[in-house]
Asker: 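Before we start, here is the structure in question, set down as structure tokens.
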Amino acid sequence: MPDRKDAEHLDSIDPLAAYRSEFRIADPDLIYVDGNSLGRLPERTIEAVSRTVAEDWGEGLVRSWHGWIDLPASVGDKIAPLIGASPGEVIVGDSTSVNLYKLAKAALARSPARRTIVCDTGDFPTDIYIMEGIARDSGCRLARIDPDPVHGVAAADIEMACAEYAEDVALVVLSHVNYRSGAVADMHAITHAAHAGGAMMLWDLSHSAGSIEIDLGSSGAELAVGCTYKYLNGGPGAPAYMFVRRETQDSLTQPIWGWFSQQDQFGFAGTYQPATGIRKFLVGTPPILSLVAASEGIVLVSEAGVPALRAKNIALTEMMIAFFDEQMHELGLSLASPRDADKRGSHVSLSHPDAYRICTTLIDRYRVVPDFRAPDVIRLGVPAIYTRFVDAFDAMDRLAALLRAGDHVGSPGERARVT
Ligand SMILES: *Cc1c(COP(=O)(O)O)cnc(C)c1O
């Protein structure tokens, strides 16, 4: 049975332990298990952003653009090794939603004879909404697969969809790690199934980049997107990234024509001539302060190394599930994440009919910050770079104490604007 001493021991031998001090821990008693929504603030980001504001903006003024102009590509090259991409295959800009739009539109335009997009009903809503909008706008069909909510999508689901809409599937859009259950999709097998059906593959890496190993290169996938403010600790509203496989870049036309993707951007010609390479996927002026912040978070994750982070997040979530099995099964909770560690990302989800009240009570009275995902999930994210084993233990322990005391009963159930 896991007890706090075991957790303390695991912290004492944790090779990543020193990374916690790289982050701002403003309140040591607050247990933050929501770094998969917004990663913590790296101390070095405070300095890097302050320097950019005071020196580059304050003193350098517009001249600083000489240094800023290539940040979308250079920060993209820093992300590349984390996702199994090569230099020149990743660029940073816009939000994940906008990047989904750009890449999906470009993929559809490349295969005009195919009119079906396959997506997952259990995917993060923005992924579905963007595809709904594109389908309506371009008269395409959106085929929704409906996999098991805990175990997520499998290659067989994609094979079936490709068989059902034979010769018509242009694009398959899926998340690598499911935002709700944490299920890890088999990137290689699913990409293979999409390709066998003649479709292109677009992965959303928002919950996997920086938390689990990703090898886009060997998977054969053409396209990917992801955000930088979760496991990459880029900060609120930090820009997202796009991956386009090198061999695919020339065959795609990016649908939003802006001056940052113009071949000769400062030639100021009156007609659009797209840049070659990954730069053609940019649109307009990038948010430099957020790019500088994102860069610091990405570098920290690269220094810690994804294999070490993955080993630790498996150990963290295994400990939480052991705690659940031994102390919480009679408290009305169900495990809503896969039990097989290889098929589970870096969070544990527990479902309960009163999940919303439990989450708000945890935050207000138990000093634990998880998040609630409608309708009934309590999501506990444990980014390995700064989460200690005692944090994961205490989060579970406080949740168990809350449920035993019934402290959530009677707390207001009205949903806040942000949950
Ligand atoms: C967080 C997340 C997003 C966020 O999209 P934005 O456009 O950056 O708000 C998109 N997709 C998935 C799977 C996510 O987890």
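Hydrogens, waters and symmetry mates play no part in the numbers below; they use all other heavy atoms, side chains included. Residues: numbered from 1 along the sequence shown. Counting convention: from 1, in listed order, for ligands and their atoms alike. Predicted, not measured: the structure shown is a model, and the values here were computed from it.
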Asker: Pick one of side chain, backbone, both or neither for how Leu100 approaches ligand 1, counting any non-hydrogen atom pair under 4.0 Å.
Answerer: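 Answer for Leu100: neither.
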Asker: Say whether, by atom type as modelled, one donor and one acceptor occur between the side chain of Thr121 and the main chain of Ile145 under 3.5 angstrom.
Answerer: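 Yes; at least one donor-acceptor contact below 3.5 Å.
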Asker: So which bit of Ser175 gets within less than 4.0 Å of ligand 1, heavy atoms only: side chain, backbone, both or neither?
Answerer: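 Side chain only; the backbone of Ser175 stays clear of ligand 1.
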Asker: Does Tyr356 have Arg415 sitting over its ring (NZ/CZ under 6.0 Å from centre, angle to axis within 45°)?
Answerer: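 Positive - Arg415 is close enough to the ring of Tyr356 and near enough to its axis.
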Asker: Can an N or O of Thr126 be found at a distance shorter than 3.5 Å from an N or O of ligand 1?
Answerer: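 No, no N or O pair falls under 3.5 Å.
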Asker: For Asp127, which residues count as a side chain to side chain donor-acceptor pair (under 3.5 Å) partner, sequence neighbours excluded?
Answerer: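 None.
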Asker: So which bit of Thr96 gets within less than 4.0 Å of ligand 1, heavy atoms only: side chain, backbone, both or neither?
Answerer: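 Thr96 to ligand 1: contacts from backbone and side chain alike.
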Asker: If we only count N/O pairs under 3.5 Å, is Ser97 in contact with ligand 1?
Answerer: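 Between Ser97 and ligand 1, an N or O pair is found under 3.5 Å apart.
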Asker: For Asp123, enumerate each residue passing the side chain to side chain donor-acceptor pair (under 3.5 Å) test, keeping only those at least two apart in sequence or located in another chain.
Answerer: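 Applying side chain to side chain donor-acceptor pair (under 3.5 Å) to Asp123 gives Ser175.
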Asker: Between Arg245 and Glu89, does any NZ, NE, NH1 or NH2 come within less than 4.0 Å of an OD or OE carboxylate oxygen?
Answerer: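 Here Glu89 does not pair with Arg245 in a salt bridge, since their nearest N and O are not under 4.0 Å apart.
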Asker: Return the closest protein heavy atom for atom 4 (C) of ligand 1 as residue, atom name and distance.
Answerer: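 Result: Tyr229 OH, 3.1 Å.
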Asker: Among His207, His176, Lys230, which one has a heavy atom closest to atom 2 (C) of ligand 1?
Answerer: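 Looking at heavy atoms only, Lys230 sits closest to atom 2 (C) of ligand 1.
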Asker: Flag the pair Arg136 and Glu132 as a salt bridge only when some basic side-chain nitrogen lies within less than 4.0 angstrom of an acidic carboxylate oxygen.
Answerer: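 Looking at Arg136 and Glu132, the cut-off is not met.
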Asker: Atom 3 (C) of ligand 1: which of Tyr101, Phe124, Trp203 has the nearest heavy atom?
Answerer: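 Comparing heavy atoms across Tyr101, Phe124, Trp203, the nearest one to atom 3 (C) of ligand 1 lies in Phe124.
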Asker: Could you tell me the residue and atom name of the protein heavy atom closest to atom 11 (N) of ligand 1, and the distance to it rounded to 0.1 Å?
Answerer: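 Ranking protein heavy atoms by distance from atom 11 (N) of ligand 1, first comes Asp204 OD2, 2.7 Å.
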Asker: Over 60° means perpendicular and under 30° means parallel, so classify the ring planes of His207 and His347, tilted if in between.
Answerer: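 Judged by the thresholds at 30° and 60°, the geometry between His347 and His207 is perpendicular.
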